[in-house]
Every structure is written in structure tokens, then in C-alpha cells.
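For reference, the structure discussed in these notes is given below.
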Amino acid sequence: MKLRYILKSPQGIEELFSKYIVDGKIYTDDDNFFLVDLVQLFRPNDIRKVNRVSIDSFVTYLKTHDTDRIAFIDYLFQLFANRNFGRMISDAGILQDSDFMYEVKKRLWAKILPYQPEKDTYEYILNQVFYKHTDAIWIDMIPMEQIEELFQLLSFQNIFENVSDDSSLGDLLSSIALISQRMSGRAMESYIIRMVPEYSHFESPFLALEREVMQVTNDVLKGDVHYLTAEDITWRQIKVFHKQCNEFVNQAFKNSSKYGISIKVNQSLLRLRQQLARVEVLISLIVVDTNCIEESKRRNSIQLVRKLIEYNCYKYNVSGLLKESTQLISYEITQHTAKTGEHYITSTAREYWEMFRGSMGAGIIVGFMCILKVFAHQTDASIFGHAMLYSLNYALGFCLIYLLGFTLATKQPAMTAATIIKAIEDGRKNHVLNSDKHVGFAKLFARLFRSQFIAFIGNVILAFPIALLLVWGIDSVFNVNIVAHEWEKLLIDADPIESRALFHAGIAGIFLFLSGIISGNVSNRDKHNQVFYRIQEHPLLKRNFGIVRTTKLAKWVETKWPGIASNICFGLFMGTCGAIGIFLGIGIDIRHITFVSGNIALGYYGSGFDAPHSMLIWAFIGMWLIGFVNFAVSFGLSLFLAFRSRNIPISETKDLVTSTWSYFKSFPSEFFIPTGTVETNDKQKSET
């Protein structure tokens, strides 16, 4: 890549000085204006197109214009006199609260209306001068030798020259001490200690680190040598305790798969990790290389300024917060769905036909649900009342399908994406050639696709006749065709051309994805709150039901409740979507392949079996397209979440598609029926 330089002409700099200098002094309406305009001279218009930023023209100007240089030195001296860091170093960019949503809202609001600190702080100047979030990036592109030359031209003192409690070095040490005290207190909270029982019989490494930091603060400020060296025993001790603190936090995150984790605990651990990283950077700034003491002092002082700019620029970073905060929770959620999803992917012919029978059972229940929804629709109720009736119908039906062990086809993608991620990870770790690294994924996807295919068939093949049989039975017994006036709408709602069927199918796919998230989140939360153990050891339950029955109840809650909660929420989403669309006037609704098949049956019967053939054809085409969109949206979102949780780049999808297409061309039948050929070959290879 060709390097690009930002070179500002001396003329532009000369015009700037001419604008502000009067009688050898810099005068501005606002103290920061001159510095703001100076920075603007060198700020790149597009940071993505820049590799290096040069301030050589500015350095050259100061060398050749001594009067302006002295005026600039006086201006800076007055600007920075009697200022302090405040809480900037210890707070900026670090989570301030364990409430995730509060932190997100605070940062979003601060982007619109930034918080302005007191005017006697360095943070105030940084807010005014380096107000773009990309400023830290281009500042780091300025060569160190140019900054050092500017440092000397402006007669700056390094932070080790003036040592007192109110000096820059004093502020720096106080901030390090404050962070260490905060970490020590946070790490002693009961909900943190519970995550690392391995440390319960040892002294907290955070307490040891705090003591060492306080000792360093005292020694540096009151001793004869106002810095540390790499050979100092104190510095070595700090590194040891800092490493132990990092191991403490890493072990807590690792134990999340065993004990579960809540958003509050996740945020608290992230805060500890951020504070440890901050301490590591800041304390390294007081360590001086004995081989080049003066140069090291100067470079550390410059690095402190760069870090101040960086922390200030990123203190309201929302994307970074979301990335850090959601990664572990995403991982734990997808771990749950991975374990559940293994039951949704068939390998053998026996499993394949069991999936078919299970999906047929779900089709029967959906047939009844279609009839009940028609009755609910014809009930004299408000929009809210209809929404509640629809939600009750959906929730009870989905829970019944789940508890009876049946399979609703489109529930599969949200539960199997993480299982596929494991195959991707194995391919990335163990591949020899780039061309075949994802062959394991391709084989697994073939199994998933045929499982989804047979589940679709099973759902549809019985939902249609059951709904038709039920509406005929009601008409025969009560002499009432309950869909006589609605048949046309039922068929048009499935038409991909005449209605928003595919858009509504996408909304249903989103709800399917969310239901998978809820299932994983409930499972993770229950694990963290020890729900199984608390039920198992509940004194009243053990006394009234006995130990064996109480244990069975606890086990049932542990295994079934996440699925029940997921299906109840899915039912609420499906039942209320249409009502919300009416209320907001935006025309949103849901379409689900299995329910569409039942509705087509009802529409066909309602027309007296006299619906136009074109309408029926488009309805059936729409049904399969709706199924595809249900699958694609829910699976795509789940796969994205799984990618996110494992930090796998999205670009990896190109190799996945290539491998899957190559495998499909070689074994097309594997994507629809289990031939057994590939599985047999794989088994023989593994045995060999």
C-alpha cells in the first residue's frame, strides 16, 4: 500500500499565527481557539486514506520564526497552568456501572450532547480541541521523532521534573492508586467471589496489587528517585500481582460455563479487565530505561499525552461497549442452543424418519391451532383482546409441541446455528489445505438441510389435512362454514405477489431467532442463580414430596423451563405482532409456513372448493417461499450471533459457501435423504 502523507504548507501555519498574534502575544476570544485551529490544519479529512501524518512543516516554521515560537510557548504555559487530570485517567472509557442498558444510554446521549468537565481540567481542553473520535488515530500516525523535536522546541518539561501531589506525576500516581482501590473493592463482592471458588482460600491478588501500588506512590513522590526501573523489586512485584489479577478475571469468565453468568457479573468482570489494562499502561509510564534515562523520561511524557487523547476520544465508544459486553453472553447463549441443537440434526435414516414423525405430530397440533385462531378472530373483542387470544393460542400450542417432543420445522435454525459454528471452528483449527478446511461444515450443513427439509414436509403434510378435516367436521355437525367469508383473505395472505407475505415471513424469522436467544438466556440465568440446586434442596419441597420427587422436579425445571419460556415468548411475539402493526399503522404481521399450509386448507374449504386455480397455485408457491424466508432469516441471525460470540470474521462465509456448493455437486442426494454412503465412508476412514 502506498503511504500518504499529510503535509501542510508553512503558508497556512503563517496565516494562523498572523491571525492570532498581536504585539508578540497570542490573543483569542476563547482560550482554546488557537489550538483548535492549529489541530484542524493537520486533521485528515478521511482517516481511512492516511497512513502517516507529518508535522514537519510546523516544526520547521517554529525553527525559523523565533518570535512566534516564544508566543506559542507563553500561550501554552498559560493554557495548561494549574490544571489537573481530575478523574479523567481513572474513568474515561471504563465502565462506570454494572447496569448495561444505563451505560449504553449514557454513552449514546453523551454522543449527542457531550458531558463538559470543569474548565480547570485537562479533560476540558481535550474535549474542545480533540473532539472527533478519530483524532487519537491520526495523532498516533505522527512520527515520534517529530513529536520529540517539537517537545524540545517548545521547552516542555517531562513529568518527572516537577514532583508534588499536585503535579502531573502526582495526578498520574493518584489515578493509578484510585483504580487499584476500586478494583480491590469490586473483586471482594460476593457475586464476583462466587465465580472463582478456586481463590476462596487465598488472599485476593487485587489487595496485594493495591498495597504495592500505594508503596510505589509513596516511594516515587517522597523518595530521591522519582521513577521506577525494570530492575526494581517493586516493579517486578507489581507485574507478578497484575498477572495474578488477570488470571483471576480470566478464571471467572472461564467458570461462566459452569456457574452461568448474569449481565451484572459480566459487566463487573469487564470493568475489572478494563481497569487492569489501564493500570498496566499507566504504571509503565513511570518505568524508565536506565540506558537512556532522559530520552525515556521524554518519551514516557509524550506517551502520557497520547494516552490522554486516546482515552478521551474513546470514552463514549458505544460499539466497543456492545462488542465487549455481549460477546461472552452470546457465547453462553449459543452454547446452550448448541447442546439443544444437536437433537435437531439427523445423522442416520432412523433419526431422519423419527424427525419426520415428530414434525407430523407438530403438524396435527398446528391444524387445531389454525381452527382456534379462526374462532379467536371471530370473537367480539378489541384489538388488544384479539392479540391476547392469539398469543394464548400460539403459546399453549408451541409449549404442547415442545413438551410432547414434536418438532416445529422453523424452530430448528435458531437452535442449530451454534452447532454448525463448532464445525467451522474445527475446520479453522485443523485444516491442511484452504480448499478443504470446511468440508466438515459442508457435511454438517447437508445433514441440517435434509433435517429441515423432512421437518417441513412433516409439518405441512398433516397441518393441511387436519385443518381441512376439522373445518369440515364443524360444518357437518353445526352446519356452519366458519371461513365462508374469510377464504379469499386466507389465500391472498399466502400469495407472495399480492401480499407482504415474504416480508411478514422475515418478521416471523426474527421472532424465531429471538425465541432461541431467550431459551439460551433463561438457561444461563438459571444456571447462574443455581435454580436447580435451590429447588433440589428446598426444605418444604423435600418434606412434602420427598427427596426423589423433589430432585426430579428440579431436573425437569432445569431441562424444560428454558424451552417453555422460549415458546411462551414466541407465542406472545406471534400473537401481538399484527395488533402492534394495526396500532402503529405500519402493516406488520407474521407468516409461518406450517400455519400458512393450514390456512390454505381453510381458505380452499371456505371457497366451497371453488377457489381459482391461479390463486391456489400462488398460495402454495408462497407457502414454500415463506418457509424458506423463515429458515433463512432465523438461521442467518443465529449464525451471525454465533460468529459474533466466537469472534469469527464474516468473510469466512465465502469459504463456507464454496465448500458447501462443492459438496452439493458431489453428493446432491445427501441434502434431501440420508443415503448412508458418506457416513459409512467417514466411519471407515476414522477406523483406518
Side-chain angles (χ1 to χ4, degrees), residues 85-107 171-217 237-284 311 314-317 320-329 331-332 524-525 528-530:
F85 298 143
R87 296 291 178 85
M88 178 187 171
I89 295 184
S90 58
D91 291 356
I94 293 177
L95 290 170
Q96 297 303 304
D97 201 283
S98 56
D99 187 335
F100 173 68
M101 291 309 299
Y102 171 78
E103 188 73 25
V104 172
K105 287 187 291 185
K106 184 180 75 173
R107 295 193 181 196
D171 269 354
L172 176 60
L173 289 168
S174 297
S175 296
I176 297 172
L178 178 61
I179 296 173
S180 65
Q181 290 168 355
R182 287 175 175 175
M183 289 192 298
S184 179
R186 177 76 63 170
M188 296 300 291
E189 295 286 351
S190 58
Y191 59 86
I192 296 293
I193 295 175
R194 197 174 74 186
M195 295 296 295
V196 278
E198 297 90 343
Y199 286 81
S200 59
H201 301 297
F202 300 98
E203 182 186 38
S204 170
F206 291 93
L207 285 174
L209 179 63
E210 180 189 353
R211 283 199 299 267
E212 289 298 323
V213 167
M214 297 304 294
Q215 184 65 43
V216 167
T217 301
Q237 284 283 80
I238 285 176
K239 289 201 295 185
V240 170
F241 291 134
H242 187 275
K243 182 181 178 183
Q244 291 176 355
C245 291
N246 269 318
E247 290 172 350
F248 178 99
V249 175
N250 291 337
Q251 187 63 43
F253 276 125
K254 184 179 179 181
N255 286 344
S256 63
S257 59
K258 187 188 302 182
Y259 305 119
I261 192 168
S262 66
I263 288 289
K264 180 180 179 180
V265 175
N266 184 63
Q267 296 302 99
S268 295
L269 290 174
L270 281 175
R271 184 181 185 186
L272 287 174
R273 179 174 282 176
Q274 290 174 345
Q275 289 171 326
L276 284 168
R278 183 67 54 86
V279 166
E280 183 178 21
V281 170
L282 296 181
I283 206 159
S284 67
Y311 296 151
Y314 293 127
K315 62 185 176 183
Y316 299 133
N317 187 350
L321 170 66
L322 293 174
K323 182 178 180 181
E324 285 186 307
S325 299
T326 58
Q327 184 160 4
L328 181 71
I329 298 296
Y331 182 85
E332 293 304 322
N524 184 53
R525 184 197 61 195
H528 178 71
N529 293 328
Q530 298 180 311

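Scope of the values below: all heavy atoms of this structure, side chains included, with no hydrogens, waters or symmetry mates.
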*Going from CG on L95 to CG on L269, what distance comes out if it is rounded to the nearest 0.5 angstrom?*
11.0 Å
*Considering all heavy atoms of both residues, which atom of V279 and which atom of I179 are nearest to each other, and what is their separation?*
CG2-CG2, 3.5 Å
*What pair of heavy atoms forms the shortest contact from S175 to S90, and how long is it?*
O-CB, 4.2 Å
*Please report the C-alpha distance between T217 and I176 in whole Å, then the side-chain angles of each, then the deciding distance to 0.1 Å, and finally whether the side-chain contact (heavy atoms from CB on, under 4.5 Å) criterion is met.*
CA-CA 9 Å; T217 301; I176 297 172; 5.9 Å; no
*Taking all non-hydrogen atoms of both residues into account, name the closest pair between F206 and V249 and its distance.*
CZ-CG2, 4.0 Å
*Nearest 0.5 Å, what's the CG-CD distance between D91 and Q275?*
9.0 Å
_Could you tell me if the side chain of F253 sits less than 4.5 Å from the side chain of L270, heavy atoms only?_
yes
_Could you check whether any side-chain N or O of R273 sits under 3.5 Å from a backbone N or O of N250, counting only pairs where one atom can act as donor and the other as acceptor?_
no
*Quick one: does S184's side chain have a donor or acceptor within less than 3.5 Å of a partner on S180's backbone?*
no
*Grab the two heavy atoms, one from M195 and one from A252, that are nearest each other, plus how far apart they are.*
CE-O, 3.4 Å
*asked:* For the backbone of L276 and the side chain of H242, can you confirm whether one donor and one acceptor N or O come within less than 3.5 Å of each other?
replied: yes
*Please check if the side chain of R278 supplies one atom and the backbone of A92 the other of a donor-acceptor pair under 3.5 Å.*
yes
*At what distance, to the nearest 0.5 angstrom, does CD1 of I193 lie from CE of M188?*
4.5 Å
*asked:* Can you give me the closest heavy-atom contact between V216 and I238, atom names plus distance?
replied: CG2-CD1, 3.4 Å
*Would you kindly say whether E198 and N255 are connected by a side-chain donor-acceptor distance under 3.5 Å?*
yes
_Working for side-chain contact (heavy atoms from CB on, under 4.5 Å), residues D171 and M88_ = CA-CA 10 Å; D171 269 354; M88 178 187 171; over 6 Å; no
*Roughly how far apart are R186 CZ and S268 OG, rounded to 0.5 Å?*
4.5 Å
_Quick check for you: to the nearest 0.5 Å, what is the distance between M214 atom CE and L209 atom CG?_
11.5 Å
*Gap separating the NZ atom of K239 from the CD atom of E280, nearest 0.5 angstrom*: 10.0 Å
_Q244 to Y199 - nearest heavy-atom pair and separation_ = O-OH, 4.1 Å
*Should R194 and H528 be marked as a side-chain contact (heavy atoms from CB on, under 4.5 Å) after you check the CA-CA gap, both sets of side-chain angles, and the distance that decides it?*
CA-CA 10 Å; R194 197 174 74 186; H528 178 71; 3.3 Å; yes
